[in-house]
Number of protein chains: 2
Amino acid sequence: MNLDFTYFENGIGSISGQLPGMPQDRVVLNRLFFYVFKELDDVYNQHLSEFGLNSSSFLALAMILSSEDNRLNPSHLSAALIASRTNVTRLADDLVGSGWVSRKPCTQDRRRVELSLTPSGRKLILAVLPVIWQRIEQQWSDFSPAEITEFDRLLRKMLEGLRHFRMAS
Amino acid sequence: MNLDFTYFENGIGSISGQLPGMPQDRVVLNRLFFYVFKELDDVYNQHLSEFGLNSSSFLALAMILSSEDNRLNPSHLSAALIASRTNVTRLADDLVGSGWVSRKPCTQDRRRVELSLTPSGRKLILAVLPVIWQRIEQQWSDFSPAEITEFDRLLRKMLEGLRHFRMAS
DNA sequence: TGGAAATAGTTTCAAATGTAACTATTTTTA
DNA sequence: TAAAAATAGTTACATTTGAAACTATTTCCA
């Protein structure tokens, strides 16, 4: 897939010449965000496919690993993954089918289900995490600590702006 | 949809305690990026739905408007939208079906097709753009010009890092 | 200059994801 | 405490999107 941002930038410049009032730098910023996201998503899905995983299944395994007592509800996972509960049901089906996760009814609250890592799921995620971390370090290797901090701050500020904006309208 | 980033941050913290070697700040940054993207995408699709549009159809109309002589090929559009040609075929079908775009064979190169705005498509996009621009200004209203510039720089640097990284692996 | 390769667009099929409706259970509240 | 509301998970259905295969045309190059 061709990710040539210049197509967009040229278009934006042309419209700006035709119609007054465009906040050009911010329009470019929003669109640039899409481009970077697509690239980020692509790159990590590509890496994870080596292990038979994708972004969702990888993060699901990691979230179960991180959870207290190695147990996690589908609803919790849905929030962490920003995915619908429908999708998490399916994801859990797949992970159970692959033998990485077990699904048990919860005794405390019989509406709930508990997802746990099987030994093979645990082994897999413990093997994959260091590889992915190393690649994340590579990806960010040109950034100084100050740049990392500033990027984090700007992203959180952007998130705040979007949430506030959504509320308002 | 619950966009509580703390679910993820807590999980990350827990794993970091169990397994050494996590570049925690960068892992958080990558994930934060997903969250912000989802929110951005949601918010603008919501705004555009008021006009019977979504991100893709809006950008398609804008790109045709911006193009020389009001003509654009599906392939060009595919690159600008970061969407497959398959998807652009369908998008063009929809836009033609809505009466906003016309599709004509290109006389120079008979493999090609030319998409143009109809009068009603032109009217629509000229009406929508100022509204969207105003909302983009609102969205970014808490950011100083320096922050905008820095954010732009960091995003482009991140894109470079990802592309270089993809090549390398 | 004629065959191979590339390009443009479409169609078919498959994968990923979400909404709404539904069942079962728990919590709230009047 | 009994009815109403909320919550958890699943299923049925719909939407969005892309990869691969295909046709038609143009470009490349031996």
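Order of the sequence lines fixes the chain letters, A, B, ..., with proteins taken first and strands second; residue numbering starts at 1 for each chain. Because only heavy atoms are used, hydrogens play no part in the values below, and waters and symmetry mates are left out as well, while side chains stay in.
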Task: Intermediate values then yes/no, side chain to side chain contact (heavy atoms under 4.5 Å, CB included), B:M158 and B:L154 - done: CA-CA 6 Å; B:M158 183 174 172; B:L154 291 170; over 6 Å; no

Which one, [options], comes nearest to the side chain of [X]?
| X | options | answer |
| --- | --- | --- |
| A:S56 | C:dT17, D:dT11, C:dA8 | C:dT17 |
| B:T89 | C:dT17, C:dT11, D:dG18 | C:dT11 |
| B:R110 | C:dG18, D:dG18, D:dT26 | D:dT26 |

Task: With sequence neighbours excluded, residues passing ring pair (Phe, Tyr, Trp, His ring centres under 6.0 Å) with A:F34 - done: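 Once residues adjacent in sequence are excluded, the partners of A:F34 under the ring pair (Phe, Tyr, Trp, His ring centres under 6.0 Å) criterion are B:F37.
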
Open item on the list: Can you list everything that forms a ring pair (Phe, Tyr, Trp, His ring centres under 6.0 Å) with A:W140? Sequence neighbours excluded, please.
Closed with: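 Expected list: A:F143, A:F151.
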
Taking atom [atom2] of [N] as reference, at what distance in whole Å does atom [atom1] of [X] sit?
| X | N | atom1 | atom2 | answer |
| --- | --- | --- | --- | --- |
| A:D41 | C:dT17 | CG | P | 9 Å |
| A:N45 | D:dA19 | CG | P | 12 Å |
| B:L72 | C:dA8 | CG | P | 12 Å |
| B:L59 | D:dT16 | CG | C1' | 17 Å |
| A:N73 | D:dT10 | CG | P | 11 Å |
| A:L48 | C:dA16 | CG | P | 13 Å |
| B:E114 | C:dA8 | CD | P | 13 Å |
| A:L115 | D:dT10 | CG | P | 8 Å |

Task: Heavy-atom pair with the smallest gap, counting every atom of A:S84 and A:S78 - done: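 The answer is C-OG, 3.8 Å.
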
Go through the structure and list residues passing side chain to side chain donor-acceptor pair (under 3.5 Å) with [X], not counting sequence neighbours.
| X | result |
| --- | --- |
| A:D93 | A:R103 |
| A:R26 | none |
| A:S75 | none |

Please identify each residue that fulfils salt bridge (charged side-chain N to carboxylate O under 4.0 Å, His left out) with [X], with sequence neighbours left out.
| X | value |
| --- | --- |
| B:R71 | B:D69, B:E114 |
| B:R110 | none |
| A:R31 | none |

TODO: Step through the shown structure and confirm whether more than 12 heavy atoms of other residues, nucleotides or ligands are within 6.0 Å of CD on B:Q134.
DONE: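 Counting neighbours around CD of B:Q134, 12 or fewer heavy atoms of other residues, nucleotides or ligands fall under 6.0 Å, so no.
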
Task: Proximity to DNA chain D (any heavy atom under 4.0 Å), residues of residues 96-104 of chain A only - done: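 Listed by number, they are A:R103.
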
Task: Nearest-nucleotide 5' precedence on DNA chain D, A:R90 against A:D109 - done: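 Final value for this comparison: A:D109.
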
TODO: Hey, could you give me each pair passing salt bridge (Lys or Arg N to Asp or Glu O under 4.0 Å) that has a residue in residues 121-146 of chain A? Not counting sequence neighbours.
DONE: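 Checked against salt bridge (Lys or Arg N to Asp or Glu O under 4.0 Å) - neighbours excluded - the pairs reaching residues 121-146 of chain A are A:E50-A:R135.
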
- [ ] Return the 5'-most residue of the pair B:S75, A:Q108 with respect to DNA chain C, ranking by each residue's nearest nucleotide.
- [x]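 So the residue in question is B:S75.
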
- [ ] By nearest nucleotide on DNA chain C, pick out whichever of B:D93 and A:N54 is the more 5' one.
- [x]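 Its nucleotide being nearer the 5' end, the pick is B:D93.
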
Open item on the list: Angle between the two end axes of the helix from C:dT1-D:dA30 to C:dA30-D:dT1, five base pairs per end, rounded to 10 degrees?
Closed with: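 Axis-to-axis angle, ends of the helix: 30°.
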
Can you pull every protein N or O that's under 3.5 Å from an N or O on nucleotides 3-7 of chain C?
unit_1, atom_1, unit_2, atom_2, d
C:dT7, O2, B:R111, NH1, 2.9

- [ ] Using only heavy-atom distances, decide whether a donor-acceptor pair under 3.5 angstrom links the side-chain of A:T86 to the base of D:dT10.
- [x]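 Side chain to base: no pair below 3.5 Å.
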
